[in-house]
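Here's the structure we're looking at; comments come further down.
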Amino acid sequence: MMFEIVTYMILFAMLLALISAIIGQSVYDKILAVNIFGTITVLFIALFGFLTERPEFLDIALVYALINFITTIAILKFFEYGDMGRSSHINDQADI
Amino acid sequence: MSDRIKYLHITGLIISQAVLWLLLSGHYTPLLLGLGSISIILVTIISLRMNLIVYHQPEIGLQILNFIPYGFWLLVEILKSNIDVCKRILNPSLPINPSLITIKASQRSELATVAFANSITLTPGTIAIDVNGNMIEVHSLADVGIEGLETDEMNKRVKQAEIE
Amino acid sequence: MSLINIISYLLIFTGALAIIVGLLGVFRMPDFFTRLHAASVIDTMGTMLVLVGLMLYSGFNLVTVKLLLILIFILITAPAAAHALAKSALHGGVKPVLGKEEQ
């Protein structure tokens, strides 16, 4: 009972993040919304583990946090330079 | 680079992997510990073959012990600016005044500058957009964020945490 | 229900409220860079309150360590992702709206 209300609130927030990913005008708005969606999903998985009293779900949350960050950086790199395999010594700028 | 530093780095890698495995696994049966040691050895061999271990370590510019009080101060700042941004979002007239300013970072090592820029971005209301040498370009949501940066307190506190 | 459970529930509830307020900000803000500010409310306040609340609820064991690892990881990567987004949006031709915004 205690966690159910909060879990429904987080689910509602995930729905809002998906809507903002769909109606986002530019590519960057959409990437931002997907990043927010990933962050909220990490929290949702952690809460769901406590809701069902199986805290082993936290491992999945940890991996999801790692993948979420890598996804954001990889998609941004793709949109900024046109491919993901640009070698870093072509110009001096740092990658992220 | 001398062999001593190389072995020091490899030992550090193995120890940190072992600690991470023990903390995350939670099962201490012989089978799982054996699997853990096998994965640690595999990862170490692969990172040696890929030359991922950097022997000429960049000078660590932050003293960990000095950095802990800065972390707590940053936490309080984050909470204060969070409440400010939340108030602005919930205000029906949306009282925002976005602006771009350039501020100077007076830290000497690169790592301390990175810590400063990350602190700026972590605080809601201000985002570090571009870093050119010592100048950081900051996008700010409202005047309060700019005032907080222009008093230079965060800059001074990161500089204090730096090794002299 | 003990006192510490009530405190942790209040923290988690406030965190969920902060997430919804941040998303409201994402919908209300006029341009991309101001939306980033609203998103950083979610990344800091939301995750900190929810995960600290869960830490208090779970007591002190390996679960707390995992929650702490998730929290530290998110607090390190969130500014990196926000900075990468802001930088590539600026280089990709998104002009920030400056000055007083009238609603």
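Everything numeric here is computed off the predicted structure, so don't read it as measured data. Every chain is numbered from 1, with letters handed out A, B, ... down the list of sequences.
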Handout entry: Sole residue of Leu79(B), Leu75(B), Asn82(B), Val85(B) in side chain to side chain contact (heavy atoms under 4.5 Å, CB included) with Thr44(C)
Key = Asn82(B)

Practice task
Would you mind reporting whether Arg88(B) and His37(C) have side-chain heavy atoms less than 4.5 Å apart?
Solution key: no

Handout entry: Sub-4.5 Å side-chain heavy-atom contact between Phe33(C) and Leu100(B)
Key = no

Exercise for the section: Select one option (side chain, backbone, both, neither) describing which atoms of Leu24(C) are under 4.5 Å from chain B's heavy atoms. Expected result: both

Completion exercise
Heavy-atom nearest pair, Leu90(B) first then Arg28(C), reads C-NH1, 4.3 Å

Problem - Considering all heavy atoms, the nearest Pro79(C)-Leu122(B) contact - result: CD-CD1, 3.7 Å

Practice task
Give the C-alpha distance, both sets of side-chain angles, the deciding distance and a yes or no for side chain to side chain contact (heavy atoms under 4.5 Å, CB included) between Val41(C) and Cys86(B).
Solution key: CA-CA 8 Å; Val41(C) 171; Cys86(B) 283; 3.9 Å; yes

Practice task
Output the option from Val114(B), Thr121(B), Thr123(B), Val131(B) having the highest count of non-hydrogen pairs under 4.5 Å with chain C.
Solution key: Thr121(B)

Problem - Structural part of Ile120(B) lying under 4.5 Å from a heavy atom of chain C - result: neither

Problem - Pairwise side-chain contact, Asp130(B) with Lys87(C), heavy-atom cut-off 4.5 Å (strictly under) - result: yes

Exercise for the section: Carefully, step by step, assess Leu62(C) and Leu24(B) under the rule side chain to side chain contact (heavy atoms under 4.5 Å, CB included). Expected result: CA-CA 7 Å; Leu62(C) 280 179; Leu24(B) 287 185; over 6 Å; no

Practice task
Enter the distance from Ile89(B):CD1 to Leu23(C):CG here, rounded to the nearest 0.5 Å.
Solution key: 9.5 Å

Handout entry: Engaged part of Leu49(C) at the chain B interface, taking heavy atoms whose separation is under 4.5 Å
Key = neither

Handout entry: Separation of Met45(C) CE from Ile83(B) CD1 (nearest 0.5 Å)
Key = 5.5 Å

Completion exercise
d(His139(B) NE2, Leu36(C) CG) to nearest 0.5 Å is 8.5 Å

Exercise for the section: Please say whether more than 12 non-hydrogen atoms of neighbouring residues, nucleotides or ligands are located less than 6.0 Å from CZ in Phe73(C). Expected result: yes

Exercise for the section: Check each atom of Ile127(B) against the heavy atoms of chain C and say whether the ones under 4.5 Å are side chain, backbone, both or neither. Expected result: both

Exercise for the section: Take atom CZ of Phe60(C) as the centre, draw a 6.0 Å sphere, and report whether it contains more than 12 heavy atoms from other residues, nucleotides or ligands. Expected result: no

Problem - Options Gly26(B), Ala128(B), Ala117(B), ranked by heavy-atom pairs under 4.5 Å with chain C, top entry - result: Ala128(B)

Handout entry: Donor-acceptor pair, side chain of His83(C) and main chain of Asn118(B), under 3.5 angstrom
Key = no

